[in-house]
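Note sheet for the following structure.
Predicted model only: the values in this text are computed from it and were never measured.
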Amino acid sequence: LQTRNKDPLVFSDPEEEEPSLERAWPHLQIVYEFFLRFVVSNDVDPKIAKRFVDQNFMLKLLELFDSEDPRERDYLKTILHRIYGKFMALRS
């Protein structure tokens with residue numbers, strides 16, 4: 001997963017500004033949808049998948065919540081919720 005850098009000195013009030021929509025969203029949405037389907041699939045064995053969906057992966061996934069696009073944050077919320085339910089070992 002690729003992380004985005006934001007300027008920490010720039011302050012924006014989310015109530016005053018319109019949300020910034022990612023121009024690449026149609027492409028990102030395909031990736032998020034594919035991963036969501038992977039996570040919820042009954043064909044995926046959590047014991048095997050946990051080799052890839054590990055703590056490092058989860059930390060990078062959490063960094064993506066910094067996105068200004070509400071559509072991306074919504075997908076991330078759903079994916080995180082499904083991972084939480086399926087990968088019990090990641091809860092600790």
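- Applying the side-chain contact (heavy atoms from CB on, under 4.5 Å) test to Asp43 and every residue at least two apart in sequence or in another chain returns Ser41.
- Hydrophobic clustering places Val44 together with Val40 (ILVMFWY residues linked when any side-chain heavy atoms are closer than 4.5 Å, directly or through intermediates).
- For Arg82, the salt bridge (Lys or Arg N to Asp or Glu O under 4.0 Å) criterion is met by no residue, not counting sequence neighbours.
- Looking at heavy atoms from C-beta onward, Lys86 lies out of side-chain contact with Val53 at the 4.5 angstrom threshold.
- Taking the side-chain contact (heavy atoms from CB on, under 4.5 Å) definition, one finds that Asn56 meets it with Asp54, Lys60, sequence neighbours left out.
- Cluster membership for Leu64 and Leu62, using ILVMFWY side-chain heavy atoms within less than 4.5 angstrom, is shared.
- For the pair Phe52/Phe38, no side-chain contact is recorded, criterion being any heavy-atom separation below 4.5 Å from C-beta on.
- With rounding to the nearest 0.5 Å, the separation of CZ in Arg73 from CG in Leu80 is 14.5 Å.
- You'll find the side chain of Pro70 reaches within 4.5 Å of the side chain of Leu21, heavy atoms only.
- Asp74 pairs by the side-chain contact (heavy atoms from CB on, under 4.5 Å) definition with Lys77, not counting sequence neighbours.
- Under a hydrophobic clustering in which Ile, Leu, Val, Met, Phe, Trp and Tyr are joined whenever their side-chain heavy atoms come within less than 4.5 Å, directly or via other members, Phe65 and Met58 fall into the same cluster.
- With sequence neighbours excluded, the residues satisfying salt bridge (Lys or Arg N to Asp or Glu O under 4.0 Å) with Arg71 are Asp69.
- Looking at heavy atoms from C-beta onward, Val31 lies out of side-chain contact with Leu28 at the 4.5 angstrom threshold.
- Summarising the geometry of Leu76 relative to Tyr32, their closest heavy-atom pair is CD2-CE2, 3.6 Å, with the distance given to 0.1 Å.
- For Ser20, the side-chain contact (heavy atoms from CB on, under 4.5 Å) partners are Glu68, not counting sequence neighbours.
- With rounding to the nearest 0.5 angstrom, the CD1 atom of Ile83 is 9.0 Å from the CG atom of Leu36.
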